[in-house]
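Any value given below was found using the heavy atoms of this structure, including those in side chains, with hydrogens, waters and symmetry copies removed. Here the structure is a predicted model, which is why all the values come from computation and not from measurement.
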Amino acid sequence: MATKPARKPTRPKWKADPSDAIKLAALRWFALMAEAQAIQLYATSPANYKAICDIMRDAIKKMEKIGHTPIGDTDPDCPEGYVRCGRECAPMCDVID
């Protein structure tokens with residue numbers, strides 16, 4: 001009977017740390033605060049939309065430097081604040097591994 005060859009792991013296996021839950025909760029808090037601030041700024045002054053998107057995009061680009069998916073390329077056919085992701089427009093591109 002043939003056996004399936006073993007796959008070579010491409011990444012180190014993730015192991016949980018006891019402090020993961022609290023760290024993930026802190027990251028979620030930061031994300032929610034950034035979202036709330038962006039919505040509040042836009043709601044009180046829609047003219048700041050581009051500046052708000054630039055700030056949020058800059059934060060994501062800084063995170064890309066430590067290993068996140070690229071945000072995408074701006075495209076004149078996409079609505080303001082959206083980027084080209086393949087054949088679609090989105091606020092940022094997601095790549096599924």
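- Residues meeting the salt bridge (Lys or Arg N to Asp or Glu O under 4.0 Å) test with Lys23, sequence neighbours left out: none.
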**Message:** Is there a side-chain contact (heavy atoms from CB on, under 4.5 Å) between Leu41 and Ile52? Walk through the geometry before answering.
**Reply:** CA-CA 8 Å; Leu41 288 169; Ile52 296 165; 3.6 Å; yes
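- When all heavy atoms of Met56 and Ala34 are compared, the pair lying nearest together is CE-O, 4.0 Å.
- Rounding to the nearest 0.5 Å gives a distance of 7.0 Å between CD of Glu35 and CZ of Arg28.
- Annotation for Leu27: hydrophobic cluster partners, listed by chain and number, are Leu24 (ILVMFWY side-chain heavy atoms under 4.5 Å, direct or chained).
- For residues 27-52, the set of pairs meeting the ring-ring contact (aromatic ring centres under 6.0 Å, His included) definition, not counting sequence neighbours, comprises Tyr42-Tyr49.
- To the nearest 0.5 Å, the span separating NZ on Lys65 from CD1 on Ile60 amounts to 14.0 Å.
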